[in-house]
There are 2 protein chains.
Amino acid sequence: MLDEHDIFKDYLKQYNLRYTPQRKLILDVFLQQSGHVHIDDIHIRVRDQDPTIGIATLYRTMKLLVESGLAEMHTFNEKTTYERLFQVRHHDHLICIVCDKTVEFEHPLIEKYQLEACERYDFTLKSHRMTLFGICKECQK
Amino acid sequence: MLDEHDIFKDYLKQYNLRYTPQRKLILDVFLQQSGHVHIDDIHIRVRDQDPTIGIATLYRTMKLLVESGLAEMHTFNEKTTYERLFQVRHHDHLICIVCDKTVEFEHPLIEKYQLEACERYDFTLKSHRMTLFGICKECQK
DNA sequence: CTCCTTTTTGATAACGAATATCAATATAGT
DNA sequence: ACTATATTGATATTCGTTATCAAAAAGGAG
């Protein structure tokens with residue numbers, strides 16, 4: 001059974017890239033996080049384990065993770081975040097505009113109507129991004 | 001009947017701000033555009049009519065247009081664009097990942113299910129952003 | 001292991017979009 | 001016309017991200 005490290009290794013091999021300790025560490029740290037992770041958070045945790053790792057390597061590796069299909073990049077609120085993405089069903093996001101809390105949800109019918117809209121305009125759907133902005137229960141008080 | 005200039009004037013007056021020639025010009029240019037406009041495009045057209053206008057004023061004014069509800073800011077592909085937004089129904093976007101062509105569409109049922117999802121998680125929906133990425137008819141050839 | 005080639009690394013410079021600063025200018029109200 | 005306040009344009013600054021580059025590391029071949 002393939003795990004994320006195997007997928008990453010395969011991707012790297014495919015492009016004659018190397019599975020280095022730095023790349024392994026960054027992937028490890030990334031996988032320990034959940035939800036949407038800002039690169040600064042990853043940076044802090046990576047440096048806890050290896051203070052010599054440079055910020056450039058982190059950016060380069062995150063890019064590789066995106067290209068290999070393990071992570072997805074988002075730019076919701078001017079801050080780039082990365083999200084784990086492996087065998088995960090399509091899902092959308094609900095974001096609180098007050099506290100930035102993020103909830104993931106999915107709605108099969110929405111998917112269906114997205115396809116419908118694409119067909120109407122002769123587009124081949126490749127991916128989608130739906131984000132709902134609102135105020136969560138706690139912040140409404 | 002209120003037009004955009006009146007709305008802008010009202011907004012400015014409300015905050016003790018002034019309806020200056022620069023602001024009027026930028027709004028004029030913005031309104032002549034259609035769809036999603038990059039700030040550089042607006043800059044070029046504004047400078048055609050008044051080469052003395054500074055970039056800072058342009059950014060400041062675009063921010064005011066957003067705050068006054070006349071424009072909406074998007075950050076689709078790392079490039080910030082502004083979209084005219086006046087008495088416009090909710091709509092979503094369909095973007096070609098090859099040529100960047102953008103199509104607007106709306107789908108009432110999608111809206112309905114968005115609300116549904118919000119209720120499920122005790123969120124009060126404030127706005128949404130749905131973007132479908134695909135390949136348009138021309139680019140499929 | 002040793003040699004050689006290619007990739008990777010970390011430090012740092014560079015970039016670019018957006019914002020802050022500030023003195024000079026324009027505006028609105030008296 | 002006068003005064004107080006807002007606005008402007010030029011420019012410096014910020015900050016996230018990317019490019020550069022010499023040194024280090026990794027993978028093969030012998």
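Please read these numbers as outputs of a predicted model, since none were measured by experiment. Numbers restart at 1 for each chain; the letters A, B, ... are given by sequence-line order, proteins then strands. Basis for what follows: all heavy atoms, side chains included, without hydrogens, waters or symmetry-related copies.
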Once you round it to whole Å, what is the distance between [atom2] of [N] and [atom1] of [X]?
X: A:Lys24; N: C:dT9; atom1: NZ; atom2: P; answer: 14 Å
X: A:Met73; N: D:dG16; atom1: CE; atom2: P; answer: 14 Å
X: B:His38; N: C:dA18; atom1: NE2; atom2: C1'; answer: 11 Å
X: A:Lys13; N: C:dT7; atom1: NZ; atom2: C1'; answer: 15 Å
X: B:Leu64; N: C:dT19; atom1: CG; atom2: P; answer: 12 Å

Holding to salt bridge (charged side-chain N to carboxylate O under 4.0 Å, His left out), I want the full list of residues that pass it with [X], two or more places apart in sequence or in another chain.
X: B:Lys137; result: A:Asp122
X: A:Glu119; result: none
X: B:Glu67; result: none
X: A:Lys101; result: A:Glu138

* Asked: Once each nucleotide of nucleotides 4-12 of chain D is scored for protein heavy atoms under 4.0 Å, what B/S/- sequence comes out, 5' to 3'?
  -> -BSSBBB--

* Which of residues 40-49 of chain A sit near DNA chain C, with a heavy atom under 4.0 Å from it? ->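 Nucleic-acid contacts, sorted: none.
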
* Asked: What bend angle does the helix from C:dC1-D:dG30 to C:dT30-D:dA1 show across its length, from five-pair end axes and to the nearest 10 degrees?
  ->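 Nearest ten degrees gives 30° for this helix.
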
* Asked: By side-chain hydrogen bond (donor to acceptor under 3.5 Å, both in side chains), which residues pair with B:Glu116, not counting sequence neighbours?
  ->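 Applying side-chain hydrogen bond (donor to acceptor under 3.5 Å, both in side chains) to B:Glu116 gives A:His107.
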
* Are the side chain of A:Arg84 and the backbone N or O of A:Leu31 linked by a donor-acceptor pair below 3.5 Å? ->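 Yes, the answer is positive, given that a donor and an acceptor are paired below the 3.5 Å cut-off.
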
* To do: Among residues two or more places apart or on two chains, list those pairs meeting salt bridge (charged side-chain N to carboxylate O under 4.0 Å, His left out) that have a residue in residues 15-40 of chain A.
  =>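 Listed by first then second residue: A:Lys24-A:Asp28.
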
* To do: Ignoring backbone atoms, test whether B:Tyr59 places a side-chain nitrogen or oxygen under 4.0 Å from the OP1 or OP2 oxygen of C:dT19.
  =>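 No, because none of the side-chain N or O atoms of B:Tyr59 sits under 4.0 Å from OP1 or OP2 of C:dT19.
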
* Under the side-chain contact (heavy atoms from CB on, under 4.5 Å) test, which residues partner A:Tyr121, sequence neighbours left out? ->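 A:Phe123, B:Leu94, B:Val103, B:Phe105.
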
* **Sequence-distant partners of A:Asp41, side-chain contact (heavy atoms from CB on, under 4.5 Å), two or more places apart** =>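 Here the qualifying residues are A:Gln33, A:Val37, A:His38.
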
* Asked: Which residue pairs satisfy the ring-ring contact (aromatic ring centres under 6.0 Å, His included) criterion with at least one member in residues 5-29 of chain B, sequence neighbours excluded?
  ->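 As it turns out, the ring-ring contact (aromatic ring centres under 6.0 Å, His included) pairs with a partner in residues 5-29 of chain B, which skip direct neighbours, are B:Tyr11-B:Tyr15.
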
* Taking the side chain as C-beta and beyond, is there a heavy-atom pair between B:Thr131 and A:Met130 under 4.5 Å? ->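 Answer no - side chains too far apart.
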
